[in-house]
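Notes for the one structure printed next.
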Amino acid sequence: MTKYAKLTIDGKEIELPIIEGVDGDKGIDIRLLRQKTGFITYDPGYGNTGSCKSAITYMDGERGILRYRGIPIEDLAEHSSFVETSYLLINGELPTRDELNRTSVQLNDHSLVHEDMQNFYQHFPRGSHPMGILSAMVNALRSFYPELLNTDEGFEQTFLRLLSKVRTMAALSYKISRGHRVEYPRPDYTYCANFLNMMFNTPVKPYMVRKELVRALNVFWILHADHEQNCSTAVVRSVGSAQTNIYASISAGVSALWGYLHGGANQAVIQMLSEIHEKGVKIEDVIKRAKDKNDPFRLMGFGHRVYKTYDPRAKIMKKNCHEVLNRLNYQDPLLDIALELEQIATSDPYFNDHNLYPNVDFYSGIMLRAMGIPTNMFTVMFAIGRLPGWIAQWRENMTDPEQRLARPRQVYTGYAPRPYIPIEDREPVEC
Ligand code: SDX
């Protein structure tokens, strides 16, 4: 491969170095572009812009490939656990048995939330969205726990604290929103089993933790654990680049994930499928609206900035969804609608021409619904899964010697210079 890209502007040619990554990843280093030419680049949404070099996750959007630290997502979903995959993403290697056992013990040690934090939940208005609560409470963690990032041991304690407490906080939020007694984590339960128990166990109806659902939740969170420089991860890196503490950086990531174009799509998919089911909306009409340029409606759970083929996670999620519904003997008409939607859309020229296929959010909500997770908590479930990825990416950004304060430029298109007009001389603007 050539070492330089040549750019000619107004007859002047400059050379820009080529950066080569692994498996064909490559980039043009434009760090000296403005200094050499006075020009910046223009790329709304950063579809063609690399913000960093990263060794954490590899995606190939054309071939539908996703690997965490080089290991295919299919192998991790089949053989790993969420805690083991979190360790891999954050530390770069799969843990030994001793390392995994030590991590599990430490996650248990960090699983309680400061009792004073429970008061915070009581004062959110009833009906507050769990993502808004989660973002606020993750930020509040900094008020209760020190940030010990100046040593490897300190960082390890901080990431274990976040991984364990955010899961507990999510279940706590649900219980308090229902006016139910809070369930505490148990030392004899694994990470995922503890979450299910904290969510659904009650004094009058003990919750039976089913190993199939624990396995399904492990797979769900493994599939969501990282995804290179997606919107919320880019936010976590950007906030961290200002030397902001990890809790505030993750809190910002939770806020970015909330949007329905991003992590909020899993809730939006269920709302779309429910509307079709409850209002008898024809699938043909939904497809028609999705294709109509004049209609802002988008087919939720379809399309992706990077994947121009079937999202590899969606394939696994669809299989996971079928398995959970079969195990629970749970018939959901929304699954039938989703399957029909996928069949019609993926054979429609508009969706083929635009490379629009199901993404991770298309089937995930149907599985969560069957497990009893309330719809407004679906994106919280996504956030818990994404946490190890955010932590790993934040740390990589903070320790990358090439990284600087994130501060994009712009092409100004406003007024040319003009004088200040005293208010007594200003004409009312015609509306
Ligand atoms: C996630 O980045 C990540 O990795 C994210 C994520 C992760 O793990 O972090 O994978 C998680 O966010 C998955 C995506 C969840 N969002 C949705 O399901 C919402 C529906 N999808 C779309 O809004 C859209 O596909 C995006 C936002 C996901 C991606 O949009 P892009 O890359 O900005 O593309 P675009 O909006 O510019 O669309 C390109 C064309 C347009 O048509 P033209 O004007 O070129 O003719 O494709 C069309 C769009 O109208 N299009 C769709 C569509 N998605 C794109 N048309 C109908 N339905 C859709 N869903």
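Everything quoted here is computed from the prediction, not taken from an experiment. The chain is numbered in sequence order, starting from 1. Order of listing sets the numbers, starting from 1, for every ligand and every atom in it.
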Side chain to side chain donor-acceptor pair (under 3.5 Å) between R237 and Q229, intermediate numbers included | CA-CA 9 Å; R237 279 181 172 255; Q229 304 312 313; 3.2 Å; yes
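- F302 and Y357 have their aromatic ring centers separated by at least 6.0 angstrom.
- Using modelled atom types, one side-chain atom of N359 and one backbone atom of G301 make a donor-acceptor pair closer than 3.5 Å.
- The side-chain tip of R167 points at the ring of Y191 from less than 6.0 angstrom away and within 45° of straight on.
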Using the side chain to side chain contact (heavy atoms under 4.5 Å, CB included) rule, take Y121 and L172 through it: C-alpha gap first, then chi angles, then the decisive distance, then the call.
-> CA-CA 8 Å; Y121 287 95; L172 190 65; 3.3 Å; yes
Give the table of side-chain donor-acceptor pairs shorter than 3.5 Å for residues 127-141, with sequence neighbours excluded, one pair per line with atom names and distance.
unit_1	atom_1	unit_2	atom_2	d
S128	OG	P125	O	2.5
H129	ND1	M131	N	3.0
H129	NE2	Q267	OE1	3.1
S135	OG	S251	O	3.1
S135	OG	S251	OG	3.0
S135	OG	S255	OG	3.0
N139	ND2	S251	OG	3.4

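- Contact residues of ligand 1 (protein heavy atom closer than 4.0 angstrom to a ligand atom; sorted by chain and number): H227, N230, Y260, L261, H262, A265, A290, K293, R298, L299, M300, G301, F302, G303, H304, R305, R313, Y350, H354, L356, N359, D361, F382, R386.
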